[in-house]
Each structure stands twice: as C-alpha cells, then as structure tokens.
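Computed over heavy atoms, backbone and side chain alike; hydrogens, waters and symmetry mates excluded. In this text the structure is predicted, and so the values were computed from the model without any measurement. The chain is numbered in sequence order, starting from 1.
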Amino acid sequence: MSRASTRVAARKRRHTSIRLTVEGTASRPRLAIFRSLNHIYAQVIDDAKGATLASASTIEAALKGDGKRTKVEEAAAVGALIGERAKAAGVTTVVFDRAGFRYHGRLKALADAARSAGLEF
C-alpha cells in the first residue's frame, strides 16, 4: 500500500469519527470544509433538511484572480466570502467540520477569515 492511499484512508477515518458528533441544525448549521491539492471548498449545510445554505470555493469566477495569491491567501478569500454568503442567508453561528484535516495553514486561514466576516463557531 502506498503512503498516499494510507494518508487518504486515515483522513477519511478521522472524518467519519468527526461526523458522528458534528451535526448541522437549522439554528446552527455545519460549516464543512474540503481541501484538495489546489483548491479549497466551503459549504454551510443544514443536515436536518439536507440542504446547502451557502457555498464558496476557489474555482468560482468571483475568486479567480491573476494567480499571484498563495493558497493560504486564497483560502482566506474563500473564508470571507462564505462568511458574507452565510450572513446573507441568515446564518450567524455554525459548527465547524474540519473533515479530518489538521487545523492549520489553509484551514486556519479560512476559519479566521470566516470569523472576521461575522460567523461564530
């Protein structure tokens, strides 16, 4: 088994463990993050309804820039955008779902920018 497949399997195992306790409700939806090699995605999800209330990612036209930003700066831009969109959808507090990723780097930048945009976790 290669190292990459075991790392992916370990993250999926951590994510499954996290999802047993983290659940989004109508009053406090879940801010779910997914980080790929080149992009980062964020969704505000109401698990009771099974509906996505707001979403943002680096593949959107609104965030595509000149390509001179670092991945951490792009993640911060996604965090600010998801914060604005969640506030527009009437969401002020969320529960943070890190999806098995370590809380540092791009994930931390996204979370800090979402907090500064007005979301509480």
Taking only distance into account, with no hydrogens and no angle test, what donor-acceptor pairs under 3.5 Å do side-chain atoms of residues 25-34 form with protein atoms, sequence neighbours excluded?
{"residue": "T25", "atom": "OG1", "partner": "S27", "partner atom": "OG", "Å": "3.3"}
{"residue": "T25", "atom": "OG1", "partner": "R28", "partner atom": "N", "Å": "3.1"}
{"residue": "R28", "atom": "NE", "partner": "V94", "partner atom": "O", "Å": "3.2"}
{"residue": "R28", "atom": "NH2", "partner": "V94", "partner atom": "O", "Å": "3.3"}
{"residue": "R30", "atom": "NE", "partner": "D47", "partner atom": "OD2", "Å": "2.9"}
{"residue": "R30", "atom": "NH1", "partner": "D97", "partner atom": "OD2", "Å": "2.8"}
{"residue": "R30", "atom": "NH2", "partner": "D47", "partner atom": "OD1", "Å": "2.9"}

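- Not counting sequence neighbours, the partners of K12 by the side-chain contact (heavy atoms from CB on, under 4.5 Å) test are V8.
- Taken to the nearest 0.5 Å, the CG atom of L119 stands 8.0 Å off from the CD1 atom of I82.
- Contact between R11 and A99 at its shortest, heavy atoms only, is NH1-O, 2.6 Å.
- Summarising the geometry, atom OG1 belonging to T58 is positioned 6.0 Å from atom OH belonging to Y41; distances are rounded to the nearest 0.5 Å.
- Between F96 and V22, every side-chain heavy-atom pair lies at or beyond the 4.5 Å cut-off.
- Judged purely by atom type and a 3.5 angstrom limit, R35 has no side-chain atom pairing as donor or acceptor with the backbone of L107.
- Contacts classified as side-chain hydrogen bond (donor to acceptor under 3.5 Å, both in side chains) and involving residues 69-81 (residues at least two apart or in different chains) are not found.
- Within the structure, the salt bridge (charged side-chain N to carboxylate O under 4.0 Å, His left out) test picks out the following pairs touching residues 81-94 (sequence neighbours left out): E60-R85.
- The side-chain hydrogen bond (donor to acceptor under 3.5 Å, both in side chains) analysis of residues 14-24, with sequence neighbours excluded, yields no pairs.
- Linking Ile, Leu, Val, Met, Phe, Trp and Tyr whenever their side-chain heavy atoms come within less than 4.5 Å leaves F121 and V95 in two separate clusters.
- Distance check, rounded to the nearest 0.5 Å: CZ of F101 to CD1 of I18 gives 10.0 Å.
- Put simply, the side chain of L53 does not reach to within 4.5 Å of the side chain of I45, judged on heavy atoms.
- Here the shortest heavy-atom pairing between A80 and A113 reads N-CB, 3.7 Å.
- Among residue pairs with one or both ends in residues 103-121, those qualifying as salt bridge (charged side-chain N to carboxylate O under 4.0 Å, His left out) are K108-D112, D112-R115; sequence neighbours excluded.
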